[in-house]
Amino acid sequence: MEITNKYNVPAPLVTLASKEYYSKGASQYSVTELMAPPKIKRLREQYNEQIKTDVADMLWSMLGSALHVVMERGETPGYLSEERIFTEIDGVTISGAIDLQQETPDGVIIIDYKFTSAWAVMQEKLEWEQQLNIYKWLVETVKKKKVIGLQICALVRDFSRHETREGYPNAPIHMVDIPMWDSVFTQGFIQGRLDMHREAKMAQDFGEELQDCALEERWMTETKYAVKRDGRKTAIRVLDSEEEARILADKEKGYVEIRPGEPKRCTGNFCGVAQWCKQYQGELDDTK
Ligand code: SF4
């Protein structure tokens with residue numbers, strides 16, 4: 001991957017962006033790689049030489065890395081920072097780096113820091129649930145310790161004190177409780193992910209199509225229904241239900257404008273490979 005500097009920012013920032021803060025050590029898969037859609041992992045490997053990212057677009061990932069470095073200075077009794085745990089499953093070594101483990105008399109609480117948006121905090125983030133439950137499984141099976149809680153410590157980068165929407169975080173640092181899975185279920189989940197990655201690798205080696213990314217993996221937003229009326233610029237209301245929108249439109253003598261959901265990971269190229277992805281490019285062609 002090439003890091004560009006379109007906005008002529010100071011060179012030390014480029015150096016910083018080029019440094020690898022995370023090492024998966026001797027493992028074949030880190031937890032984050034395991035959870036990433038196989039299509040993204042395969043395309044990133046295939047087009048690694050051609051992928052260009054501007055240093056300015058790496059601000060939040062650099063701040064994320066900086067936070068991990070700074071956290072090592074915040075050593076506090078009863079808390080263990082930045083531990084990487086390794087294990088082998090089905091002959092494959094996997095590892096996970098856990099941001100923080102709080103030791104309590106009843107067991108461990110696993111905490112993961114995320115620089116994220118208010119929108120992400122308000123969604124059900126399946127990825128967070130998967131990641132933290134794999135960490136739980138690692139702590140339970142490798143360290144033989146009981147885990148009693150999973151939490152995301154969300155650092156909300158676009159927080160606004162004036163927002164009143166339901167579910168909006170109440171402060172720029174917002175704790176999110178994550179549901180816990182049992183170990184047997186998690187082990188099955190990990191084995192399933194390994195199988196998916198193996199199959200994707202084989203498909204790529206044989207020149208076959210890669211399995212599509214699922215809607216939740218593409219960070220698909222919900223389709224909304226705006227009730228509008230001729231002669232009025234803004235919508236009367238924007239609703240989640242088409243049926244409710246049609247009833248209101250009849251009452252208001254207006255019409256319904258459908259605002260389709262958006263696969264934000266694709267449209268924002270957060271996967272880094274959108275330009276080579278047949279699934280997404282095919283959809284764009286269909287809308288032309
Ligand atoms: S563009 Fe979308 S569908 Fe394609 S690899 Fe990226 S996230 Fe997956």
Side-chain angles (χ1 to χ4, degrees), residues 1-4 6 17 20 22 24 28-62 64-65 94 96 112 114-134 152 154 157-158 189-190 192-224 258-288:
M1 183 176 84
E2 184 190 339
I3 295 174
T4 56
K6 285 188 210 159
E20 275 278 346
Y22 300 99
K24 55 180 178 167
Q28 285 153 287
Y29 286 94
S30 67
V31 169
T32 30
E33 277 181 327
L34 200 62
M35 284 168 26
K39 180 183 284 231
I40 296 181
K41 183 167 163 55
R42 298 269 53 93
L43 292 179
R44 287 190 76 91
E45 277 187 21
Q46 184 177 351
Y47 294 101
N48 186 39
E49 304 275 295
Q50 294 167 61
I51 296 174
K52 285 187 184 170
T53 308
D54 195 74
V55 63
D57 294 326
M58 295 176 73
L59 170 68
W60 295 107
S61 68
M62 279 195 288
S65 306
I94 64 165
D112 195 68
K114 299 261 183 237
F115 271 109
T116 189
S117 64
W119 176 83
V121 171
M122 292 164 76
Q123 308 302 307
E124 264 184 38
K125 289 278 278 183
L126 187 61
E127 280 169 47
W128 292 354
E129 190 171 322
Q130 294 168 346
Q131 181 187 3
L132 266 67
N133 275 288
I134 300 177
I152 293 288
R157 56 194 190 211
D158 55 354
F189 173 76
I190 296 168
R193 294 301 303 179
L194 282 173
D195 288 345
M196 281 170 73
H197 282 283
R198 274 195 206 109
E199 281 162 22
K201 173 97 177 64
M202 275 168 58
Q204 194 178 39
D205 289 348
F206 287 106
E208 292 168 7
E209 276 304 311
L210 294 168
Q211 186 190 323
D212 282 351
C213 292
L215 290 182
E216 65 272 13
E217 291 173 329
R218 305 176 70 194
W219 305 343
M220 183 64 98
T221 58
E222 278 177 29
T223 297
K224 300 276 181 189
I258 300 176
R259 297 181 178 170
E262 182 189 336
K264 285 186 172 267
R265 197 175 202 168
C266 316
T267 53
N269 192 24
F270 293 111
C271 61
V273 288
Q275 73 188 96
W276 298 289
C277 172
K278 286 188 192 156
Q279 179 183 359
Y280 177 51
Q281 294 301 327
E283 288 170 3
L284 290 181
D285 288 345
D286 289 345
T287 56
K288 279 178 192 160

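Start at 1 and go down the list; that is how both ligands and their atoms are numbered.
The aromatic rings of Phe115 and Trp60 sit tilted relative to each other, their planes meeting at an angle between 30° and 60°.
Residue contact check: Cys266 has heavy atoms under 4.0 Å from atoms 1 (S), 2 (Fe), 3 (S), 7 (S) of ligand 1. Proximity to Cys271 (heavy-atom distance under 4.0 Å) selects the following atoms of ligand 1: 1 (S), 6 (Fe), 7 (S). Listed by number with element, the atoms of ligand 1 under 4.0 angstrom from any heavy atom of Tyr280 are 1 (S). Near Ala274, the atoms of ligand 1 lying under 4.0 angstrom from a non-hydrogen atom of the residue are 1 (S). When each atom of ligand 1 is checked for a heavy atom of Lys39 under 4.0 Å away, the hits are 5 (S). The contact set between ligand 1 and Gln279, taken as ligand atoms under 4.0 Å from a residue heavy atom, comprises 3 (S).
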In sequence, state the C-alpha distance, the side-chain angles, and the governing distance for Gln123 and Trp219, and then conclude on side chain to side chain donor-acceptor pair (under 3.5 Å).
CA-CA 10 Å; Gln123 308 302 307; Trp219 305 343; over 6 Å; no

Using the side-chain contact (heavy atoms from CB on, under 4.5 Å) rule, take Trp119 and Thr221 through it: C-alpha gap first, then chi angles, then the decisive distance, then the call.
CA-CA 10 Å; Trp119 176 83; Thr221 58; 3.3 Å; yes

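Residues Cys271 and Asn269 form a side-chain contact, since some pair of their non-hydrogen atoms from C-beta on lies under 4.5 Å apart.
The single protein non-hydrogen atom nearest to atom 8 (Fe) of ligand 1 is Cys213 SG, 2.4 Å, given as residue, atom name and distance.
For residue Cys277, an N/O/S atom approaches atom 4 (Fe) of ligand 1 to within less than 2.8 Å.
With hydrogens and angles disregarded, no donor-acceptor distance shorter than 3.5 Å links the side chain of Arg218 to the backbone of Thr267.
Electrostatic pairing of Glu217 and Arg193 counts as a salt bridge here, judged by a charged N lying under 4.0 Å from a carboxylate O.
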